[in-house]
Amino acid sequence: VENIQCAIEPDLLYPLLRGRDVRRWKAEPSAYIIMAQDPVKRKGIDEDIMKTKYPKTYMYLKRFEEVLMQRKSRGIKDMIKNGAPFYTMFAVGDYTFAPYKVIWPNIASEITSSVISYKDNKLILPQHIITLVACDTLEEAHYLCAIMNSNIVNFALQAYSMRGGKSFGDPHVLQNIYIPKFSSKSYLHLYLANLSEKAHELSKNEDVEKIEKIEKEINEVSAQIWGLTEEELKEINISLNELKQ
């Protein structure tokens, strides 16, 4: 692909979160992406609108029309064949633009989840190799993040999914591991959300010792949610450490 430099409108430019940008409790975008996509129509923004509102961005994309038309995805080919703009993207919907998202990389040996929202007043958008779960509230996002980072979820996932594989952290996780739905009326759910918020704050200063204490507490609270005993949690922790060796 030709490497060019030109000016475009900032409106459709968003912080892009790549797989290597994600750590447990911390995710910092290292790139940007042009998102010329209508999340409601599930196709690229109409070309007439692009030409009128974002002419510089449109001309930039136009330079790559031939390359974009050669994409192998059958879904993309069918959409363009049915009249979608040549820059249409696949698997972009309203969930992509949710104000609060819980994310983790697909290709991994364990779940390393984080909560993302905005950077410089622009929504952070995750790369396609990152699983995202759209949430309605910040509390819900932090609750789910804490659950996903727990030893219990990681042990259950490693019991059936191939560590380091391309689909290790795919959305199948949520189909095969029972995650109780967030309830703002549940003390334990709110407690987990609070612990996740603290862990995110501590990760800014790399306070490893305090984060480890919070993670231990998250495991204990998560065990209560799933109705596990202290002995059962202890066995899970031992087994998980053995799997990591």
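Here the structure is a predicted model, which means the values were calculated and not measured. Residue numbers count from 1 along this sequence.
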(request) Taking all non-hydrogen atoms of both residues into account, name the closest pair between Ile147 and Ile225 and its distance. (result) CD1-CD1, 4.4 Å
(request) Mind jotting down which residue pairs meet the side-chain hydrogen bond (donor to acceptor under 3.5 Å, both in side chains) criterion with at least one end in residues 88-112? Sequence neighbours excluded, please. (result) Arg42-Tyr95, Asn106-Thr131, Asn106-Asp170
(request) Test side-chain hydrogen bond (donor to acceptor under 3.5 Å, both in side chains) on Glu201 and Trp25 and set out the steps. (result) CA-CA 8 Å; Glu201 191 63 33; Trp25 315 120; over 6 Å; no
(request) Quick one: closest heavy-atom pair of Cys6 and Tyr60, and the distance? (result) SG-CD1, 3.3 Å
(request) Can you see which heavy atom on Cys135 is nearest to which on Val102, and at what distance? (result) SG-CG2, 3.9 Å
(request) Treat each ILVMFWY residue as a node, draw an edge where side-chain heavy atoms are under 4.5 Å apart, and state whether Ile76 and Leu61 are in one component. (result) yes
(message) Is there a path of hydrophobic side-chain contacts, each under 4.5 Å between heavy atoms, that joins Ile130 and Phe97?
(response) no
(request) State whether the side chain of Asp21 and the backbone N or O of Arg18 hold a donor-acceptor pair below 3.5 Å, judged by distance alone. (result) yes
(message) Does any part of the side chain of Phe168, heavy atoms only, come nearer than 4.5 Å to the side chain of Leu157, both counted from C-beta?
(response) yes
(message) Please determine whether a side-chain nitrogen of the Lys or Arg among Glu230 and Lys234 lies less than 4.0 Å from a carboxylate oxygen of the Asp or Glu.
(response) no
(request) Consider only side-chain heavy atoms of I, L, V, M, F, W and Y, link residues closer than 4.5 Å, and tell whether Val22 and Tyr14 are in one cluster. (result) no
(message) Between Glu206 and Lys26, does any side-chain N to carboxylate O distance fall below 4.0 Å?
(response) yes
(request) Check for a donor-acceptor pair, side chain of His189 on one end and backbone N or O of Leu144 on the other, with a separation under 3.5 Å. (result) no
(request) Examine distances only and state if a side-chain atom of Asp207 and a backbone atom of Ser203 form a donor-acceptor pair shorter than 3.5 Å. (result) no
(message) Between His200 and Ser196 (side chain of the first, backbone of the second, donor and acceptor by atom type, cut-off under 3.5 Å), is there such a pair?
(response) yes
(message) Please determine whether a side-chain nitrogen of the Lys or Arg among Asp46 and Lys41 lies less than 4.0 Å from a carboxylate oxygen of the Asp or Glu.
(response) yes
(message) Please say yes or no: joined through hydrophobic side-chain contacts below 4.5 Å, possibly via intermediate residues, are Met148 and Trp226 part of one cluster?
(response) yes
(message) Given 3.5 Å as the limit, does a donor-acceptor pair link the side chain of Glu9 with the main chain of Lys56, or not?
(response) yes
(request) Among Ile103, Leu123, Leu132, find the residue that satisfies the side-chain contact (heavy atoms from CB on, under 4.5 Å) test when tested with Ile116. (result) Ile103
(message) Using modelled atom types and a 3.5 Å cut-off, is there a donor and acceptor pairing between side-chain atoms of Gln70 and backbone atoms of Val67?
(response) no
(message) If you compare all heavy atoms of Arg71 against all heavy atoms of Phe86, which two are closest, and at what distance to 0.1 Å?
(response) NH2-O, 2.7 Å
(message) Using only atom types and a distance under 3.5 Å, with no angle test, would you say the side chain of Ser117 pairs donor to acceptor with the backbone of Pro99?
(response) yes
(request) Can you label the angle between the His172 ring and the Tyr160 ring as parallel, tilted or perpendicular, going by 30° and 60°? (result) perpendicular
(request) Flag the pair Met50 / Leu12 as yes when at least one side-chain heavy-atom distance between them is below 4.5 Å, and no otherwise. (result) yes
